[in-house]
Novice: 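One structure is given below, represented as structure tokens, and several questions about it will come after.
Chain letters run A, B, ... following the sequence lines, proteins first, then strands; residues in each count from 1.
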Amino acid sequence: MAKAPVLTPQSEDFPRWYQDVLNKASLAENGPVRGTMVIRPYAYALWERMVSEVDARIKATGAENAYFPLLIPESYLHREAEHVEGFSPELAVVTHAGGKELEEPAVVRPTSETVIGEYMAKWVQSYRDLPLLLNQWANVVRWELRPRLFLRTSEFLWQEGHTAHATAADASSYARRILDEVYADFMVEVLAIPVHTGVKTAAERFAGAINTLACEAMMRDGKALQMGTSHELGQNFARVFDIGFSDSDGNQQLCWTTSWGVSTRMMGGLIMAHGDDSGLRVPPRLAEVQVVVMVVRDGDDGEVSDAARVLVQRMADLGVRARLDDRVDVQFGRRATDWELKGVPLRVELGPRDLAESTAVVARRDTSTKGPVGIDGLAASVPDLLDEIQASMLADATERRDDHTFDVAGIEEALEATETGFARIAWADLGVEGEARLASDAVTVRCLQDAAGGVPSDPDAPGVTAIVARAY
RNA sequence: CGGGACGUGGCGCAGCCUGGUAGCGCACCUGCUUUGGGAGCAGGGGGUCGGGAGUUCAAAUCUCCCCGUCCCGACCA
């Protein structure tokens, strides 16, 4: 029997669809204070998986985790002119505590360059102390005018890396390494989301940075989402926080610093890059639940449940994150729909009829296809099948993005192309004036790329392309 | 913060124009029948109608102010 769609179709109203997914899949809701967010268990489990994957990659680059305070003396923010200017509109400031007014107000960190800079200055004395590679997992607060769950909330969770280096070249290559080996690798390999890596224009640069690198992804509505950034801060922060060292010749020198981060915004990216009209689609490598084994219904002796349990155990033995769903008191259709909403990559349906034929029905979430499979070899085939789903999701997302990317020659064409996707235009043709012109129509330069599609060494060199789009 | 739309049980809505102090669908609870794609029947619980002030014998309904949500702009991970 035909049922009303569970979610507002994407084609009808994408923002509404997004809201529906958050609600129906029990992912997140608004907190009581405007702009704040409650992350529900299933979504938080996905975030924890992101954290562990990203954290491992960060550590592989040599950085170590530390923790710095939530509250920062307001004066710290004022030391770097562009930095304050960039952040002051969105600062939350604590002026009273312990029942009285504070001598110096404390800002709730919007990012931690300033406190960390203060401590780096203490810890770095010699070139032997460099590079100093720090990272922290924390919450930050940036008061937002237009909050949207996961994409733009006043408080969000993230990782912020802060490093100090002896030379500009070392800082630059490290910032680049984070972008490629940590962020892009994670997004492509785990999230199955293709990203453009490139450099930001001066207009889009981080407050206080000399260079900002970014990973940009396309959502299913053709809009862009910045999924991660890595900044070269030059000596701006080193200068104001006095992060210096003695080089091997005994000369006093100033450090070169970087900072880089990814946040809970990636959850929004995951939802909007892969989700379809049936709900979320989670790539297997990220999925907290990779396979759900559903007992369709059970016989009197419980043999279907027993067989399902055996399947789950076999999969678990192979390292698959498998879960049993034996809530036979809940309608099958309801449970199936619910797992689809939650985007579990693979569903195995087992009922008396299957068991009698020694088969089970295997349903793929990514392709919405299903069919019977012999029960004996099933568990053993799952790891490969999950790999196939992972690859297929990335291929799909890449194809979708490329189909919605257009090479254009002028502003008018760019505006038209960005109605449905990305436009690529020669940076030399667009220029700062063109960028401003596009901005008046809410279209921005997402990043600049060299001819090979990589981060350009010189943004103003010939052959550099601007990827422009509407963005979240 | 500028423009637009909207706030009515958990969610989605009707009622408002033409004031008479709430109703529908889903969800929830109980029972029975069901269970291979969001079940059926019967019974039941839950709402100071976003908040405040005003008009009135009487306000979800009319007036004013505030708050919030969503969309479109200015800013950002």
Side-chain angles (χ1 to χ4, degrees), chain A residues 1-8 13-20 22-24 26 29-35 85-91 110-111 138-161 183 200 203-207 212 214-217 225-231 259-269 278-279 294-299 304 327-341 347 349-357 359-361 363 368 370 372 439-444 470-472:
Chain A
M1 107 179 65
K3 281 282 171 190
V6 178
L7 306 170
T8 302
D13 185 343
F14 197 83
R16 181 82 176 270
W17 169 86
Y18 183 74
Q19 285 293 127
D20 284 354
L22 296 179
N23 288 331
K24 296 281 175 63
S26 302
E29 43 198 273
N30 288 316
V33 171
R34 178 180 161 79
E85 194 187 328
F87 281 109
S88 53
E90 38 191 12
L91 291 180
T111 178
N139 58 338
V140 287
V141 169
R142 297 179 187 178
W143 220 252
E144 288 293 345
L145 304 177
R146 249 182 81 191
R148 275 196 103 191
L149 290 174
F150 287 123
L151 300 173
R152 201 187 300 104
T153 49
S154 287
E155 178 191 6
F156 56 90
L157 306 182
W158 76 345
Q159 133 308 286
E160 51 177 322
Y183 297 161
K200 288 288 185 182
E204 299 284 328
R205 203 175 279 156
F206 176 75
T212 289
C215 292
E216 293 283 334
L225 181 72
Q226 181 175 307
M227 304 255 307
T229 51
S230 183
H231 313 289
S259 70
W260 26 278
V262 292
S263 72
T264 37
R265 171 179 275 187
M266 288 194 296
M267 288 291 299
S278 301
M294 296 181 65
V295 176
V296 175
R297 56 195 173 80
D298 215 341
V304 178
R327 296 126 68 207
V328 289
D329 54 329
V330 178
Q331 283 283 312
F332 170 80
R334 164 179 299 274
R335 288 185 288 147
T337 305
D338 197 53
W339 291 118
E340 278 169 2
L341 277 167
R347 207 171 64 238
E349 305 171 357
L350 191 61
R353 294 211 295 261
D354 305 298
L355 202 56
E357 294 169 23
T359 63
V361 172
S368 300
K370 67 177 184 180
S440 64
D441 281 287
V443 172
T444 49
R470 288 167 199 284
Y472 279 97

Novice: What is the distance, to the nearest angstrom, from the CG atom on A:Asp20 to the P atom on B:C11?
Specialist: 13 Å

Novice: In Å and rounded to the nearest 0.5 Å, what is the CD to CZ distance from A:Gln19 to A:Arg148?
Specialist: 6.5 Å

Novice: Is there a Watson-Crick or G-U wobble partner for B:U61 with both distances under 3.5 Å, and if so, which one is it?
Specialist: none

Novice: At what distance, to the nearest 0.5 angstrom, does CD of A:Glu349 lie from OG1 of A:Thr359?
Specialist: 11.0 Å

Novice: Using atom CD of A:Glu29 as one end and atom P of B:G10 as the other, report the distance to the nearest whole Å.
Specialist: 12 Å

Novice: Distance between the C1' atoms of B:C67 and B:A53, in whole angstroms?
Specialist: 14 Å

Novice: Taking a pair as Watson-Crick or G-U wobble with both distances under 3.5 Å, which nucleotide is matched to B:G12?
Specialist: B:C24

Novice: Could you tell me whether A:Glu216 and A:Lys200 have a side-chain N and a carboxylate O separated by less than 4.0 Å?
Specialist: yes

Novice: If the C1' atom of B:G73 is compared with that of B:G9, how far apart are they to the nearest Å?
Specialist: 36 Å

Novice: Rounded to whole angstrom, note down the P distance from B:G38 over to B:A74.
Specialist: 45 Å

Novice: Determine the interatomic distance between P on B:G25 and the same-named atom on B:G40; round to the nearest Å.
Specialist: 12 Å

Novice: If you take all heavy atoms of A:Tyr472 and A:Arg152, which pair is closest and at what distance?
Specialist: C-NH2, 3.6 Å

Novice: Give, for atom CZ of A:Phe150 and atom OH of A:Tyr18, the distance between the pair rounded to the nearest 0.5 Å.
Specialist: 6.5 Å

Novice: For nucleotides 70-77 of chain B, just jot down a letter per nucleotide in 5' to 3' order: B, S or -, based on protein non-hydrogen atoms under 4.0 Å.
Specialist: SSBBB-BB

Novice: Could you measure between the two P atoms, the one in B:C65 and the one in B:A22, and give it in whole Å?
Specialist: 29 Å

Novice: For B:U55, give the paired nucleotide (Watson-Crick: N1-N3 plus N6-O4 or O6-N4; G-U: N1-O2 and O6-N3; both under 3.5 Å), or none.
Specialist: none

Novice: Counting only Watson-Crick or G-U wobble pairs whose two distances fall under 3.5 Å, which nucleotide matches B:A5?
Specialist: B:U69

Novice: In this structure, how many angstroms lie between the P atom of B:G37 and the CG atom of A:Leu341, rounded?
Specialist: 17 Å

Novice: Walk along nucleotides 26-36 of chain B from 5' to 3' and tag each nucleotide B, S or - by protein heavy-atom contact under 4.0 Å, base first, then sugar-phosphate.
Specialist: -S------BBB

Novice: At what distance, to the nearest 0.5 angstrom, does CE of A:Met294 lie from CG of A:Asp338?
Specialist: 9.0 Å

Novice: So which heavy atom on A:Leu7 is nearest to which on A:Ser278, and how close?
Specialist: CD1-C, 3.7 Å

Novice: Return the pairing partner of B:G37 with a 3.5 Å limit on both distances, Watson-Crick or G-U wobble; otherwise return none.
Specialist: none

Novice: Is there a donor and acceptor pair closer than 3.5 Å between the side chain of A:Lys24 and the base of B:G38?
Specialist: no

Novice: Can you check the distance between B:C66 and B:G46, where both ends of the measurement are the P atom (answer in whole Å)?
Specialist: 36 Å

Novice: Please give the distance between the C1' atoms of B:U61 and B:C28 as a whole number of Å.
Specialist: 30 Å

Novice: May I ask you to say what A:Lys200 touches in the nucleic acid, namely base, sugar-phosphate or nothing, with a heavy-atom cut-off under 4.0 Å?
Specialist: nothing

Novice: Quantified in whole Å, what is the P atom distance between nucleotide B:A14 and nucleotide B:C57?
Specialist: 32 Å

Novice: How long is the span from the CZ atom in A:Phe14 to the CG atom in A:Asp20, to the nearest 0.5 Å?
Specialist: 11.5 Å

Novice: How close do A:Gly279 and A:Trp17 get, heavy atom to heavy atom, and via which atoms?
Specialist: O-CZ2, 4.2 Å

Novice: Quick one: which of A:Gln226, A:His231, A:Arg205 gives a side chain to side chain donor-acceptor pair (under 3.5 Å) with A:Thr212?
Specialist: A:His231

Novice: Tell which nucleotide pairs with B:C49, taking only Watson-Crick or G-U wobble pairs whose two distances are both under 3.5 angstrom.
Specialist: none

Novice: With rounding to the nearest 0.5 Å, note down the distance linking NZ in A:Lys24 to OG1 in A:Thr8.
Specialist: 7.5 Å

Novice: Heavy atoms under 4.0 Å, any strand shown: does A:Glu160 hit a base, just sugar-phosphate, or nothing?
Specialist: nothing

Novice: Write down the partner of B:C17 under the Watson-Crick or G-U wobble criteria, each distance required to be under 3.5 Å.
Specialist: none

